[in-house]
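Right, one structure below, let's go through it.
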Amino acid sequence: MNHIAADKSTPAADPGALPKAYEPQAVEEKRYKFWLAQGCFIANPARVNSQRPAYSIVIPPPNVTGVLHMGHVLNNTIQDILARKARMDGKEVLWLPGTDHAGIATQAVVEKTLRKQGVIKHRDDIGRDKFLEHVWAWKEKHGGIIINQLKRLGCSCDWTRERFTMDPAYSRCVQRVFVELYRKGLIYRGRRIVNWDPAARTALSDEEVDMIETKGHLWYLKYPLLDDRGQPKANEYLAVATTRPETMLGDEAVAVNPKDNRYTKLVGRKALLPLQNKPIPIVADDFVDPKFGTGCVKVTPAHDPNDYQMALRHGLPVTVVIGPDGKMTREAGEDFDGLDRMEAREAVVEELTEQGLLLKTDDYIHNLGYSQRSHVPVEPYLSEQWFLKYPSVNQAIACVELGRLADKSVSVVRFTGAELSGTDRAELRESALSLAREQGWIGKSFPNEDTGWQILVRRKSLSHAFNNRNAVVIRAVAALPELIRTAVLWRSEPHQPPHPRFKRVHHFLGALELAEELYCVPIMVKELADGRMLYDYKAIRAAPGGKPLVAHLPKEKLGIQPAPNVAVVNVADLLAGVNFPMTGVICFHPERWAKTYAHWMTNLRDWCISRQLWWGHRIPVWRRKYLKTDLRRSPRLAEAFWPVDRISSLVENAQRPSTASAGEPKLSEKQTPGRPEARYEWHVVAEDSDSIEIEAVTDSDAAAEYLVSQGFTQDPDVLDTWFSSWLWPFATMGWPEKTDTLARFYPTSDLVTGPDILFFWVARMIMAGYEFMGQPPFRNVYFTGIIRDKLGRKMSKSLGNSPDPLELIAKFGADALRFGTMRSAPLGQDVLFDEKDVELGRNFCNKLYNACRFRLMHGKTTAQIANETLSEIQPALLVNDDHWILSRLDQAIREIDAAFAQYRFSEVTSTLYRFFWNEFCDWYVEATKAALYGPDTARKNNTLAVIDSVLSRALRLLHPFLPFVTEELWHGLECNLRFPTDAGRETIMTAPWPKPFSQAEKKRLGLDAAAAQTADAKYELVGKGRNLRREFNIPPSKKLKFALKPAGTPAQSDVEVLRVLLNAESVDVDPGFAPPKGTPMASNSFGELYLPLAGAIDIAAEKARLRKELAKAQAEIARIQSKINQPLFAQKVPPHVLEEHRRRLADWRARETQINNALIGLPG
RNA sequence: GGGCGCAUAGCUCAGUGGGAGAGCACCUGCCUUACAAGCAGGGGGUCGUAGGUUCAAAUCCUACUGCGCCCACCA
């Protein structure tokens, strides 16, 4: 089709010259270049302040050195669909692309390559700077690959704004954020047991560890008991069980449960640690579960997080026996020093066996942590690391909880306000109490429909409400049972502070209309330990902003449905109306991920953010140790740099050495001499009798330089990659400057990502968004499924089941890949990928192409037809086939809009597929051949106008999914010439999204149900007629004459259409047709269609066929009849259902009669 | 141990209270002048099991079975 638009001077060239099949390769490249040249993807700064609504997405940045896989295809196709749809909706769209430096992954790849090339054995061989040069070179070489692949897929990102997480500006954001959180005391350094990856030799966060069920053993070891003189006692020992015998070399105690009678008398005595021959104490600790193993636990403080905690509790020493490389240390004893931990395990077991200290070995299955990156078992490792206490947690929890409610509605409870008497609060209170007493509400439970819970009301519940609250709150008592019944649950949280009686607190939301004013009623319900739900009226409380949450709401703001008795209000509207901080609503799609999110968010542990790597953002902290004698001797040394009073007081008051810990560090701010803008902050992190250690932090390069010049050294560690990724939505838009881009495009509209990085990325972005922007970073999060192969296995390199998307594009075209993927990716489900899907996409593109080719065969389009208003169509000339397709189009647009609103892309594609292929091509286009090959020119032109209208809309509806072929055909059909400048003239990308027909348009075009039904019946009869032909084995080549005995009076066009669709020589209409006996017949509400056969009729066959049909009709009749005959059916069923059943019954009965008549007509 | 999800045609999945659907696969016949990457016709399902609610259940409730995912410090 590229031939069509290639040369504008010869539009609509001879279609016969077009290739018979769509050839995507040339078109895709040409069209992508065209879009780039036109600047179609650019979020135009000139338009930044225009009136268009903004729409924005930030790409989940792929690994800079990665290559495109099917997960990317799914993810980015969805984003592109959203972006293209938003442009067609008239929005100003920013889709911001970029890449991630991906610390561990990239470093590992480069290190491995260098090792392979023989350049190094280990990265230490060339040193940090040299190694980083290699990584940057690698990045320059491979960094563009995935970006180009995204372009091949058709992604409409604003490439002028491409970002990389190690861009200088981005790095400054990371530093600034670090400093800010450090200053707030949220970032701290601590000595802890962390997850250690011995292969990559770095710490990992908890999220980077995969727990994998692993077969292992449980070894039971004998630790001899020592008597009070320190001598081992014969035959007296403690048995301990362990999965990791090699760690026993670092044991410092044996722990038992203090309530375990078997061992209590031993507490305080000592045991002999075998192999090390070291006496270790026996301690009592609640952690020990007496029922597991032997009830005795060996305590290895340096290599187990629980043991470390026990060591802290009991003041035990810490002996490190496994080093950072996963090999045993000198402390492990000379027999084991230098052995790998796994070798050491065998050696220890062997040695213990020899000494008769191994009691037994059981097979044991347990969960073992593996590094997500290097796939080796992680080692709990005691080390000094940086940690972050997550910021803005409560807001981050609340906004998503609210999001869960956004689609929900709550019924409005209506009261007049006259239920209670009284003019002041005291009187109202009395009235409310006596009403409650009279009604017997106190001490009673009421059901809540949203949760099914029974909620208990007590007198105290009520009186809570009466203190310091306004009269509305008291009046609301009159509505109590109704409010409890209708309120919806929106949030649950643990009771604060923890209380043994109360488990959780549940927040409900009700809506109350009182004296014709609408109120939002938050209700708090406490869940007691025994499971009872206690209504606590104190709940009507002030909102977080201090504003009363119960407030008057203007009704017109709210989407209240005009039902006479039960009004329903959308919860999001309700909350918005009371100034609840709803700026923060995030909706998850599918919604259920909100639960997973909430669970994780309420069980947060501090994030280990330091990594012992070289590729990444260096931690902006510098340290230097000062000898106190030096400082005393040379006050100038201190004075030059530190405020003299502060330092001298530190030196004089010999404080106890202290280490930094969580909490506000006492920071002092200082300017760099001569550079007042270059600031740093410092504090004392460690002090002993001889020296103090100073730690300084800054995000200023100048200050950093100065610190180095003063003998400070920078922390060698880098930050976790996700510590830069979590800033992505605003760091890419110019933060911390107040840029136009931020003002216009933050918060972003949609985020599209996989649920596997919900914790890594999404949750952290939400917290960062609140902390640094005061707003969450996006409104909607769409979670894709995981792409699997057609057997349901995850795609992986080792299985070889991961197809190369670029090969698929080369074979089938990018549009085909997009369409096929989207069609098989339902919301919230994993995608079982099959190349067949792409093939289907290719076939669909071809169908689209050929339908347009068919159109062009019938002459070129003219400027006045196919415009947006359908004014080219003359309603008087429309036949019911035209009405039918226009109705189907209208219906399709409505379905597509609804599916888009719910992010159900697979439904959009199946609707498009059904509409275009089954409805438009299979029925309508075939039916138009009657008119197009007919003699009536006016009708022919009108038919072409309908085709053009439908095609121009179908192309636009398809464009988000099939950008290339639709753009090509848009120009090929010259749709562009008929659309205004900047709205479809240059490109389909900016053409307006088709709207369903208005009532006025429908009326003008004569689109009513009757016309469409006539066409439906006609097509159904065609199907039956074709079936007759098959049943009687009449080859399609044989032209047949059908006879039609119509039920009504069909139009001439209907008869022509019947003839064309039946591939008949003629269809003779004869209301009084008397068929020869045994003439095969098919019938429905359109009429009776006869297939008069000239030759011999197989009467037996026709009889059998009719009997089969009759049986079916009778079965249906019996079924409907039995339903209607149910005694209660007519009473209880809604009228329209009853009507429907009666109509169906009548239809089937008519069919029964027709068939019976035909059977009677048969001889024999 | 806790949480979430899934079970409908041979396969992959739509279908949230009222006549069991789509695509692929399969069978039959067609190179009919847009398209064989196509056209036409057809076969195929007691909707995982057992109860319950309802006039009415694939759909709502309960239990069970099987599969999948996530979280969790029992050595």
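Residue numbers start from 1 in every chain, and the chains themselves are labelled A, B, ... in the order their sequence lines are given, proteins ahead of strands.
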request  = Between U28(B) and A9(B), how far apart are the P atoms? Round to whole Å, please.
outcome  = 24 Å
inquiry  = Give me each pair satisfying salt bridge (charged side-chain N to carboxylate O under 4.0 Å, His left out) with a member in residues 909-920 of chain A, each pair once, sequence neighbours excluded.
reply    = Arg888(A)-Glu919(A), Glu895(A)-Arg914(A), Arg914(A)-Glu919(A)
query = Got a sec, which pairs hit side chain to side chain donor-acceptor pair (under 3.5 Å) with one end in residues 250-259 of chain A, sequence neighbours left out?
reply = Tyr223(A)-Asp251(A), Asp251(A)-Lys298(A), Asp251(A)-Thr300(A), Glu252(A)-Lys278(A), Glu252(A)-Thr319(A)
ask   = At under 4.0 Å between heavy atoms, what does Pro1134(A) touch on the DNA or RNA strands: base, sugar-phosphate, or nothing?
value = base
ask   = When you compare U33(B) with A40(B), how far apart are their P atoms, in angstrom units rounded to a whole number?
value = 14 Å
Residues 1116-1132 of chain A, side-chain donor-acceptor partners within the protein, below 3.5 Å, at least two apart:
unit_1	atom_1	unit_2	atom_2	d
Gln1121(A)	OE1	Arg1149(A)	NH2	2.5
Ser1122(A)	OG	Arg1119(A)	O	3.0
Asn1125(A)	ND2	Gln1121(A)	O	3.4

Would you tabulate the pairs of protein nitrogen or oxygen atoms and nucleotide nitrogen or oxygen atoms of nucleotides 21-23 of chain B closer than 3.5 angstrom?
unit_1	atom_1	unit_2	atom_2	d
G23(B)	O4'	Arg823(A)	NH2	3.1

key: Whole-angstrom distance between A7(B) and G15(B), as gauged at atom C1'   = 15 Å
inquiry  = So if I define the base as every atom that isn't primed, P, OP1 or OP2, how would nucleotides 42-48 of chain B read as a B/S/- string at a heavy-atom cutoff under 4.0 Å?
reply    = S------
inquiry  = Taking C73(B) as the reference, what is the distance to U16(B) when you measure between their C1' atoms (whole Å, please)?
reply    = 42 Å
inquiry  = Under 4.0 Å from OP1 or OP2 of A34(B): is there any side-chain N or O of Lys929(A) that close?
reply    = yes
query = Is the distance from OP1 or OP2 of A56(B) to the nearest side-chain N or O of Lys1123(A) less than 4.0 Å?
reply = no
ask   = Base, sugar-phosphate alone, or nothing: which one does Cys921(A) contact when heavy atoms must sit under 4.0 Å apart?
value = base
task = Looking at every strand, decide which applies to Arg592(A) at a 4.0 Å heavy-atom threshold: base, sugar-phosphate, or nothing.
result = sugar-phosphate
message = As a quick check of understanding, evaluate salt bridge (charged side-chain N to carboxylate O under 4.0 Å, His left out) for Lys836(A) and Asp834(A), giving each step before the final call.
response = CA-CA 5 Å; Lys836(A) 287 267 181 209; Asp834(A) 187 344; over 6 Å; no
inquiry  = My understanding is that only residues two or more places apart in sequence, or in another chain, count here; which of them pass side-chain hydrogen bond (donor to acceptor under 3.5 Å, both in side chains) with Asn306(A)?
reply    = none
remark   = From the candidates G19(B), C71(B), G15(B), the one with an atom nearest any side-chain atom of Glu1116(A) is G19(B)
key: Complement of G1(B), any strand, by Watson-Crick or G-U distances under 3.5 angstrom   = C71(B)
Atom-pair distance (CD1 on Ile786(A); P on U12(B)), nearest Å = 17 Å
ask   = Considering every strand shown, what is the Watson-Crick or G-U wobble mate of G45(B) when both distances are under 3.5 Å?
value = none
query = Relative to the ring of Trp196(A), is the ring of Tyr381(A) parallel (under 30°), tilted (30 to 60°) or perpendicular (over 60°)?
reply = tilted
message = Pick the closest RNA chain B nucleotide for Ser824(A) and for Arg904(A) by heavy atoms, then say which residue is nearer the 5' end.
response = Ser824(A)
message = Please confirm whether the shortest side-chain N or O distance from Lys1024(A) to OP1 or OP2 of G41(B) is below 4.0 Å.
response = no
message = Gln1013(A): which residues meet the side-chain hydrogen bond (donor to acceptor under 3.5 Å, both in side chains) condition with it, sequence neighbours left out?
response = none
ask   = Taking the same atom, C1', in C71(B) and in C24(B), what whole-Å distance lies between them?
value = 37 Å
ask   = Do the charged groups of Arg1059(A) and Glu1065(A) touch, with an N to O distance under 4.0 Å?
value = no
query = When the ring planes of Tyr22(A) and Tyr849(A) are compared, do they come out parallel, tilted or perpendicular, using 30° and 60° as the limits?
reply = tilted
message = Taking any heavy-atom pair under 4.0 Å as a contact, classify Tyr933(A): base, sugar-phosphate, or nothing.
response = sugar-phosphate
Can I get a per-line list of side-chain donor-acceptor pairs under 3.5 Å for residues 1138-1145 of chain A, giving both atom names and the distance, sequence neighbours left out?
unit_1	atom_1	unit_2	atom_2	d
His1141(A)	ND1	Val1137(A)	O	2.9
Arg1143(A)	NH1	Asp1147(A)	OD2	3.1

message = Using a heavy-atom cut-off of 4.0 Å across all strands, would you classify Glu926(A) as base, sugar-phosphate, or nothing?
response = base
ask   = So, Glu208(A) and Ser205(A): side-chain donor and acceptor under 3.5 Å apart, yes or no?
value = yes
query = Watson-Crick or G-U wobble partner for G23(B), using a 3.5 Å limit on both distances?
reply = C11(B)
Could you list all N or O pairs between the protein and nucleotides 36-38 of chain B that sit under 3.5 Å apart?
unit_1	atom_1	unit_2	atom_2	d
A36(B)	OP1	Lys20(A)	NZ	3.4
A37(B)	O4'	Asn843(A)	OD1	3.0
A37(B)	O2'	Asn846(A)	ND2	3.0
A37(B)	N3	Arg842(A)	NE	3.1
G38(B)	OP1	Asn843(A)	ND2	3.1
G38(B)	O3'	Lys847(A)	NZ	3.2

inquiry  = Would you say Arg1119(A) places a side-chain N or O within less than 4.0 Å of OP1 or OP2 belonging to G18(B)?
reply    = no
message = Give me the distance, rounded to whole Å, that separates U54(B) from C69(B) when you measure between the P atoms they each carry.
response = 40 Å
ask   = Taking atom types as modelled, is there a side-chain donor on Arg853(A) or Asn850(A) under 3.5 Å from an acceptor on the other?
value = yes
Find every protein N or O atom lying less than 3.5 Å from an N or O atom of nucleotides 72-75 of chain B, and list the pairs.
unit_1	atom_1	unit_2	atom_2	d
A72(B)	N6	Asn367(A)	ND2	2.7
C73(B)	O2'	Asn306(A)	ND2	2.9
C73(B)	O2	Asn306(A)	OD1	3.0
C73(B)	O2	Asn306(A)	ND2	3.4
C74(B)	O2	Asp289(A)	OD2	3.4
C74(B)	N3	Asp289(A)	OD2	3.0
A75(B)	OP2	Tyr364(A)	OH	2.9
A75(B)	O2'	Ala241(A)	O	3.0
A75(B)	N6	Asp289(A)	O	2.6
A75(B)	N6	Phe292(A)	O	2.9
A75(B)	N1	Asp289(A)	N	3.2

query = C1' atom, G42(B) versus G5(B): distance in rounded Å?
reply = 37 Å
request  = Would you confirm whether the ring centroid of Tyr933(A) sits within less than 6.0 angstrom of the ring centroid of His858(A)?
outcome  = yes
Any residue meeting side-chain hydrogen bond (donor to acceptor under 3.5 Å, both in side chains) with Tyr1019(A), in chain and number order, not counting sequence neighbours = Asp881(A)
inquiry  = Strictly below 4.0 Å, N to O, side chains only: are Asp285(A) and Arg313(A) in salt-bridge contact?
reply    = yes
request  = Quick one: sort the Phe905(A) and Tyr903(A) rings into parallel, tilted or perpendicular, breaks at 30° and 60°.
outcome  = perpendicular
Contacts under 3.5 Å, N or O only, protein and nucleotides 28-32 of chain B:
unit_1	atom_1	unit_2	atom_2	d
U28(B)	O2'	Arg1030(A)	NH2	3.1
U28(B)	O2	Arg1030(A)	NH2	3.1
G29(B)	O4'	Arg1030(A)	NH1	3.2

request  = For G52(B) versus G17(B), give the span between their C1' atoms, rounded off to a whole number of Å.
outcome  = 16 Å
task = May I ask you to check whether over 12 heavy atoms, not counting those of Lys811(A), lie within 6.0 Å of atom NZ?
result = no
